[in-house]
Amino acid sequence: MLDKKIVDLINSQINKEFYSSFFYLDMANYYTDQSLNGFANWFNIQTQEEYAHAMLFLQYLQLNGEKVVLETIEKPAVVFKNHKHPLTAAYDHELLVTKSINAIYAVAFELKDFKTMQFLDWFVKEQAEEEQNVDELCKRFDLFGGDARGLYMLDQELAGRTFTPPSLVI
Ligand code: FEO
């Protein structure tokens, strides 16, 4: 059994992860519209990752005998202005997700809920990687995305990204 505070926070995190999946799908769609199919692929995989994160949180509640409460997923509200914009929006979004996971961790710590802390450890590490990946992509866009040839090469490279299911097993 989990403390109600933890259950509520994780239910809310499920919604945030599904929203992340939805938000990244919107970015993938933007790049598809722009004929940048490699960037679209990168974000489509990001979408799958976020869906997998949501399911991990959902399964954690269920395995602890808690009820999952699904809420409405917000409409992605950002109108992308240029090819770099989704990248910076993704970075800003990951910072918010990190903050949200840290907030759950802080409550688990306060409650001496070591089981939840251990579960969240994977997400803490994953967030560090996600932030680093998007930050690197922003920097590489700045380096190579400014001219047509560089953008083409970067797009080709991002087309090679494949989905790896999360290493966390609950
Ligand atoms: Fe599920 Fe990108 O954090």
Side-chain angles (χ1 to χ4, degrees), residues 2 5-32 36 38-64 66 68-78 80 83-109 113 115-141 154 157-170:
L2 300 172
K5 273 192 213 164
I6 292 290
V7 174
D8 290 348
L9 285 168
I10 292 183
N11 261 313
S12 163
Q13 191 63 34
I14 292 170
N15 187 273
K16 287 175 188 171
E17 300 289 345
F18 279 130
Y19 174 75
S20 301
S21 180
F22 212 44
F23 193 25
Y24 289 142
L25 183 60
D26 204 39
M27 295 178 186
N29 292 342
Y30 165 81
Y31 285 119
T32 298
L36 286 168
F39 282 84
N41 174 61
W42 198 91
F43 276 102
N44 272 320
I45 283 160
Q46 203 65 15
T47 294
Q48 293 178 66
E49 285 200 352
E50 299 302 346
Y51 180 86
H53 293 169
M55 293 306 289
L56 287 170
F57 279 110
L58 187 151
Q59 285 158 12
Y60 183 71
L61 284 189
Q62 289 177 332
L63 285 172
N64 281 283
E66 303 291 349
V68 173
V69 182
L70 295 177
E71 300 285 350
T72 307
I73 302 168
E74 216 182 300
K75 180 182 173 182
V78 182
F80 303 116
H83 294 153
K84 169 99 188 272
H85 193 187
L87 306 180
T88 50
Y91 182 70
D92 291 344
H93 184 69
E94 285 305 328
L95 295 183
L96 287 178
V97 176
T98 299
K99 221 171 156 181
S100 178
I101 286 171
N102 287 348
I104 308 174
Y105 205 110
V107 174
F109 180 78
D113 177 354
K115 183 170 56 175
T116 299
M117 285 162 65
Q118 195 178 44
F119 165 69
L120 290 173
D121 280 338
W122 184 87
F123 285 94
V124 171
K125 193 163 167 275
E126 174 75 3
Q127 280 311 118
E129 277 174 25
E130 297 243 293
E131 282 180 28
Q132 197 185 347
N133 289 343
V134 188
D135 185 44
E136 192 184 306
L137 191 50
C138 287
K139 286 176 180 152
R140 297 187 72 225
F141 188 93
L154 196 51
E157 186 189 314
L158 298 180
R161 186 184 185 195
T162 54
F163 177 62
T164 310
S167 55
L168 178 65
V169 178
I170 299 182

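Both counts, for ligands and for their atoms, begin at 1 and track the order of listing. Nothing fancy with the numbering, it's 1 onward along the sequence. A quick note: this is a predicted structure, and the numbers were derived from the prediction, not measured.
Residue His53 approaches atom 1 (Fe) of ligand 1 most closely through its N/O/S atom ND1. Glu50 contributes atom OE1 as its closest N/O/S atom to atom 1 (Fe) of ligand 1. When atom 1 (Fe) of ligand 1 is compared with the N/O/S atoms of Glu17, atom OE1 turns out nearest. Nearest N/O/S atom of Glu130 relative to atom 2 (Fe) of ligand 1: this is OE1.
A distance-only check finds no donor-acceptor pair linking the side chain of Tyr91 to the backbone of Glu136 [under 3.5 Å].
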CA sep, side-chain torsions, deciding dist, call: His93, Tyr19, side chain to side chain contact (heavy atoms under 4.5 Å, CB included): CA-CA 10 Å; His93 184 69; Tyr19 174 75; 3.8 Å; yes
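When each of Glu17, Gln127, Lys16 is checked for a side chain to side chain donor-acceptor pair (under 3.5 Å) with Ser100, only Lys16 meets the rule.
Counting heavy-atom neighbours within 6.0 Å of Phe141 CZ, excluding the residue itself, gives a total above 12.
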